[in-house]
Every structure is written in C-alpha cells, then in structure tokens.
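Excluded from the calculations below are hydrogen atoms, water molecules and symmetry mates; all remaining heavy atoms, backbone and side chain alike, are included. Just so it is clear: chains get the letters A, B, ... in the order the sequence lines come, proteins before strands, and each one is counted from 1.
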There are 2 protein chains.
Amino acid sequence: MKLKELAEKLSLSQTTVSRALNGYPEVNEATRERVNKAALKFGYSANANARRLAMGRVGAIGLVIPADSSQRFGPHTAEFLAGLAERLARDEIDFLLSPIVDNDEISVYKRLISSKRVDAIIVSGPVLVDERVSMLLDANFPFVLHGRTNIEKPHAWLDIDNQGAFYQAASHLIDLGHRHIAMIDGLRGFTFSEHRELGYRQALGERGIEIDPRFIVHDYFSDEIGFRETQRLLACTPQPTAIIAGSMMTALGVARAVRNNGYQLGKQISLITHDDVFPYLNASNMVPSMTTTRSSMRSAATRIAEILVRVLDGEPLHKIHELWPVELIVRQSSGPPVSR
Amino acid sequence: MKLKELAEKLSLSQTTVSRALNGYPEVNEATRERVNKAALKFGYSANANARRLAMGRVGAIGLVIPADSSQRFGPHTAEFLAGLAERLARDEIDFLLSPIVDNDEISVYKRLISSKRVDAIIVSGPVLVDERVSMLLDANFPFVLHGRTNIEKPHAWLDIDNQGAFYQAASHLIDLGHRHIAMIDGLRGFTFSEHRELGYRQALGERGIEIDPRFIVHDYFSDEIGFRETQRLLACTPQPTAIIAGSMMTALGVARAVRNNGYQLGKQISLITHDDVFPYLNASNMVPSMTTTRSSMRSAATRIAEILVRVLDGEPLHKIHELWPVELIVRQSSGPPVSR
DNA sequence: TAACCAATCCAAAGCGCTTTGGATGAAAAG
DNA sequence: CTTTTCATCCAAAGCGCTTTGGATTGGTTA
C-alpha cells in the first residue's frame, strides 16, 4: 500500500493525504479523520526511505559500537542503550547501531555521516584527545558526547564527575584511617579512567600519602580482573587495606578474592565501588552491602536522548554541557582498617 | 557531494559513475579506477535513503527492544547485540533498534515492516504462542526467531536446548544423591523458561521424585531475586539441597544467600547455573567454581546474523532450524549432599 | 450583485539514486 | 570495405514521498 493507492481509494490527492497524515493545518478535520481511519484500516505507513529522501531528515540517531569480541560491548553499553531506548521511544526515533568494520572506527563515522542515515550521532567512551570528536566537529555534524575530551572547540557533552567520585571515595577511606589504598579501574587512556585516577591522586596528595604505582591498576571491567588483581595486591608489602573498584563487575572479583584470602569486606579490607546502577546487580543487597559512588548510566543515556530529541527539532547544541555529580553512598563494605 | 556533481567533475554520466561504484561489469576498469579515486577524494558516499528508495533494499535488519525500565533489556540482550554486531560488521549491515512504544509491541513490528526500513527482523524472547511470530508469518516478512514457539507454520529459528539443559542439570544432581532440588528461572510464559521447567520436571519425574511447587520459581534474572528466593527456599521444610539457577545474575544472589546462611556451595547446598557466557563473569573463576550448563548467547547471535546475511542475499529461510545442544560442565559448586 | 477571502484541495516538481533501453565507436569478422 | 559484435557509455524513467505554487469553492463583505 503506497500513498498513491491510498489517495485513490479516498478519492483525494496525494498531497492532501500526505498533509492529513502529517498534521498540516490546511486540511479539513473531517477529511483528516477519514484519511487516518483509512490509513489504519489498510495498514498504510509511509516508506521511510522515500520520506527521508524527500524531507532530508531521518528520524534516527547513530551509535557506533565495537564489533570485535572484546570486552568493550558489555553491560555498560547495554544500560546505555536501554536508557536511550527509554526516551527515544516516545518520539518514535530509532537508533542505528553501526558496527566498527576492520577496526577503522573513524571511517564508520564518516560513512554514517555522508550516507545521511542519521540526524545525529552519539559518541561515547571518549579518550582525552578523541579523533572522532575532532572529526565530527570538522564535519560540523551534530553529535552529543557521553564523557569529555580535552578538545577546546565547543560541543555538547554530558559527563559524570568521575574525578570527584574517586576523590570522594579515596578521601572517605583516608578519613577512616586507611593509608594504603589501591584502585582497579578501566583501561588507561579513556577520559573517565584518567579522571578517576586524577581524583584518586588528588585525595592522596592532599593528605600527604605517597602513591604506590603498584596500587594503580587499569584494565577491563570484569570479575576475573578484579579477582586476579586483588590476589596480587593482597600479596604486596605493604598490603593495601582498601580498594576502589571502577565497576560492579570488578568489585565482584575483588570481593571474591578478599573472601578467598580469609578477610572480611569492611573489616580487614575495605571496598568502594563505582556503581553504574545495573538493575540486576544491587549494591545495597550485597552481603556486606557495598559502599559505592553511584551514578546511573541509564539515566545519563535518557538525558542524552532528551538532548538529542531537541537537536532533531532544530535546537543548536553548541553549548550543552552537563556535569553530573556522583554521590558517595556509605554502606558496610568500607570501615576503619582492622589490624590482623 | 552528490552523484550528479561527482559525475560532472569526472565528465561522466551518473549512470556510469553509479555503475563503477557498485561494481557493475559494463564499465572500463580504468574508468572505474578513476571514479573510485575521485569518490574517495571528494568523500562521496551514496545517500542511503535515495539508494534504498531506488533499490527497494535496505541493508539493515531490525530488532525491537523493550523501552521500559524493566529488566528485559539486560546483559543478555547486550551479549546478543554484541554477537550480531560481530558478524554484521563484515557486510556493513546496520541494525535498527526500535524501542517499543506505548507497550504496543506488535504495532512497532508493523511499523518496521511497512515503513520498509529493514530487510529482515530478528525476534527474540518468544513465548509459546507468540503473536509477533504469527503476525510476521502472515505478513510474509523475512525474520529469524531466536528461540522457538508452538507455531506450526514453517519459519526460521535458532534455539538452544533449554529443556535438555535443565534435564541434564537436574539429572546430575539426582545422580549425586539430591532429592530436594529447586529451580529459579526466568519469567513464566517465555518458551525458554517453560522448556527448562519441562526438563526439570522430566528429570525428577523419571526418577520418581515428587515435585514440590514451592521449589519452582519464575522471576526476573537478578542477583536480588536469587538472594531473596534462596533465603525463602532455605527456610522451607524440607529444605532443598540443590538449586538450579537460570542465569549467572541469579546465581550470584543464590551464592550470597547460601554463604549468608553459613552453608558452603557444593557442600550443604549445590548450585548449577545456566551460563550464557558473559565475558565479564566467568563461571570457572568463581570460588568455588561454578557448575554450569553452558551456551554462548553471543555465538548464537553471531550465527543468527550469519543466517540473516544469507537472507539478505535472497536465500529463502523457511527451513532453517538450528537446535544447539547445551553442555553440562561440572565444577565445584555441585557435589553430593552433605548432612548438616 | 460583484469583489474578496479563507479554507480546502490539487498537479507537478523535486529529493538522489538505480536501472532500462539505447547510442556510440572501435575492433573483429565476412 | 562493409557488416557484426562487443565494450562503453549515456539519457531518461522510475522509486514513494514532501512541498511549492496554484486552482477551486463557498461564504463574506461592501
């Protein structure tokens, strides 16, 4: 069923039918009613490609995702997508996931832009000097960045205060009396990871605590890494009495290693985790409940979607910056150091 | 830069340029070379919408995802997407995620079909009598089902042997001497969930073990549910001595509850988990290592993508059925029941 | 009654691409 | 030297929609 056929069935012109369906004012309400009913009855819905071709607008936003079997597409990405979906559904905006081909991320972005399949792009997981961001800026293509870069040229971003998160976590631990604090975070190079380390260093620096490079770990977020690195850390002299974990996955491994060595969380070893709020992994339900720096990945994504909807409606986005604070939620997994 | 402009720059017709770019034979190799170079130089890439409009083919596959804040978009979905991406990247096929609007899933599918934005659809998480499947069959739209239904009309599907998985798990536990076995699986109604329960009942039935309805739990996959339900189960008389968990998330909660009650996994309480193979949650690295029925969600998705690529190349898919076996991997979390 | 004006509808021109059905010229065949 | 054949290339017709610029109509106003 195409527009022409529908128009014929209604004895109307394509113009009128099109206008009726798209809510233009120059069509009689009775006619519009008739058209809508017929469209529903015949299951008509506009051919998206034709529509886009004619309008020059797409009604979809793009997202480039890693396609290798690496860890990069994990629960964080999933939460992010879920958050986007939650908001974009309202406006019937789809999103196009473009897998990275041949490890050539930039050209996937270029293809996405020049093939005009999306109205805007979401970039996430930036590094400090992010090639994708500078490319999109040069191309003058609308995008929203989840995270931040060092790039000066103005652009829209939304980030959480990663530095503050780890600063708070470390400070809290120092306040409790800890002097040997380790951190196990995400891969080096990513902004969030660098910012977190900055926060960690700042807290320790302010309190005159020397930084032990063995205590700073950057790797994937997985329980295996958490376990392995914690085993290693617990074998160090001096032994750390507290660990800050960058993700819930990591924390699961840390907790396991701690138990495995006969220690108790919150007693001999304290643990603070950054919690992206996975619905299926609840920090307050753990035993002992987990002290966390919390910031919902899903909410951030929903907010980004919100911003994007405005962009699609033509609003410029040069000056959208949102830095979300991260709250420290003290629970049982952190406590004053206990001598053994 | 559009085709017309590129053609002008090259002093060629649009036809020739189009043909050169799309690899048609009726164009001189030298010319093709020249065209390709120019396209690269000017950063030309065809407007996807125009291209699709002209060709009637899209180069994208559709996937409908839940947009509510429910648990339905979780790590399983993420792994599934990752698996798809891994394969589809090779052929530069994108996928379109359509969030469900107003809880009206069917109409999202209808819209996806009639708006011609995708060449095929992936349906996952079917229930036994799945409305979406019958609709797609009626509409004669190509799709691949991840899972199975009771619907007779032939269609393509790929599923894992969920019944066999729980049958194996339960049988193994019975072999070890367990007589009180509980299962905590996904929501009722979903095929996978029903099939698993079937396997469980079959194993117990064959060995003449009476089924205690209190021991069969259907709920979301989350550590919280795992914890709560295990607490409840451990308070039952008689107490189950073994639990089969439907997901790794659930299992984390189960393990926690078991510890919380002063029991050891694999000793007083045995645990077998279905493992969808999350890269960040490794059953063999747990302590104690986890006995699982294993089947990689990601691999299944990759295979489905493979099938879809063939569909897009015009191959019919009426008769594609794949039932993947699930292997039981015995590790430390299951052992003979120990009296207390 | 004539002139005017909204309100409503329509024909036709794109949007940028692919593809059909020929042209064109040079090489091969007669 | 003429005819046929083949390899190249091209003009123009869609693909299904939106949108521009007018027509048409019935009701208002002077």
Look only at the side chain of [X] and the backbone of [Y], and say whether a donor-acceptor pair between them is shorter than 3.5 Å.
{"X": "A/Thr191", "Y": "A/Pro126", "result": "yes"}
{"X": "A/Ser114", "Y": "A/Lys110", "result": "yes"}
{"X": "A/Asn36", "Y": "A/Glu33", "result": "no"}

Answer yes or no: does a side-chain N or O of [X] lie under 4.0 Å from OP1 or OP2 of [N]?
{"X": "A/Asn47", "N": "D/dC17", "result": "no"}
{"X": "B/Ser18", "N": "C/dT19", "result": "no"}
{"X": "A/Thr16", "N": "C/dC9", "result": "no"}
{"X": "A/Lys4", "N": "D/dG16", "result": "no"}
{"X": "A/Tyr24", "N": "C/dT8", "result": "no"}
{"X": "A/Tyr44", "N": "D/dG16", "result": "no"}
{"X": "B/Asn22", "N": "C/dT18", "result": "yes"}
{"X": "B/Asn49", "N": "C/dC17", "result": "no"}

Take the protein atom [atom1] of [X] and the nucleotide atom [atom2] of [N], then report the distance between them rounded to whole Å.
{"X": "A/Leu3", "N": "C/dG14", "atom1": "CG", "atom2": "P", "value": "19 Å"}
{"X": "A/Met55", "N": "D/dC15", "atom1": "CE", "atom2": "C1'", "value": "17 Å"}
{"X": "B/Lys2", "N": "C/dG14", "atom1": "NZ", "atom2": "P", "value": "12 Å"}
{"X": "A/Arg32", "N": "C/dC9", "atom1": "CZ", "atom2": "C1'", "value": "13 Å"}
{"X": "A/Leu10", "N": "C/dC10", "atom1": "CG", "atom2": "C1'", "value": "15 Å"}
{"X": "B/Lys116", "N": "C/dC17", "atom1": "NZ", "atom2": "P", "value": "21 Å"}
{"X": "B/Glu5", "N": "C/dC15", "atom1": "CD", "atom2": "P", "value": "11 Å"}
{"X": "B/Glu26", "N": "C/dG22", "atom1": "CD", "atom2": "C1'", "value": "13 Å"}

Got a sec, which pairs hit salt bridge (charged side-chain N to carboxylate O under 4.0 Å, His left out) with one end in residues 43-55 of chain A, sequence neighbours left out?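 Applying salt bridge (charged side-chain N to carboxylate O under 4.0 Å, His left out) to every pair that reaches into residues 43-55 of chain A, excluding sequence neighbours, yields nothing.
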Sequence neighbours excluded, every pair satisfying salt bridge (charged side-chain N to carboxylate O under 4.0 Å, His left out) that has a member inside residues 9-32 of chain A: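 Of all non-adjacent pairs touching residues 9-32 of chain A, those that pass salt bridge (charged side-chain N to carboxylate O under 4.0 Å, His left out) are A/Arg19-A/Glu26, A/Glu29-A/Arg32.
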Looking only at side-chain atoms of [X], point me to the closest of [options].
{"X": "B/Arg19", "options": "C/dT19, D/dC17, D/dT19", "value": "C/dT19"}
{"X": "A/Ala54", "options": "C/dG14, C/dT20, D/dT19", "value": "C/dG14"}
{"X": "A/Thr15", "options": "D/dC10, C/dA12, D/dG16", "value": "C/dA12"}
{"X": "B/Gln14", "options": "D/dG16, C/dC17, C/dT8", "value": "C/dC17"}

If you fit an axis to the five pairs at each end of the helix from C/dT1-D/dA30 to C/dG30-D/dC1, how big is the angle between those two axes, to 10 degrees?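 The angle separating the two end axes equals 50°.
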Pick base, sugar-phosphate or nothing for B/Ser11, based on heavy-atom distances below 4.0 Å to the nucleic acid.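 Sugar-phosphate only.
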What's the separation between atom CG in A/Leu97 and atom CD1 in A/Ile122, rounded to the nearest 0.5 Å?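 The CD1 atom of A/Ile122 is 10.0 Å from CG of A/Leu97, to the nearest 0.5 Å.
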Hey, could you give me the CG/OG1 distance between A/Leu137 and A/Thr149, rounded to the nearest 0.5 Å?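 With rounding to 0.5 Å, CG (A/Leu137) is 8.0 Å from OG1 (A/Thr149).
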Would you kindly compare B/Leu53 and B/Ser13 by the position of their nearest DNA chain D nucleotide and give the one closer to the 5′ end?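 On the 5' side of the pair lies B/Ser13.
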Determine whether more than 12 heavy atoms belonging to other residues, nucleotides or ligands lie under 6.0 Å from atom CG of A/Asn103.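 No, not enclosed.
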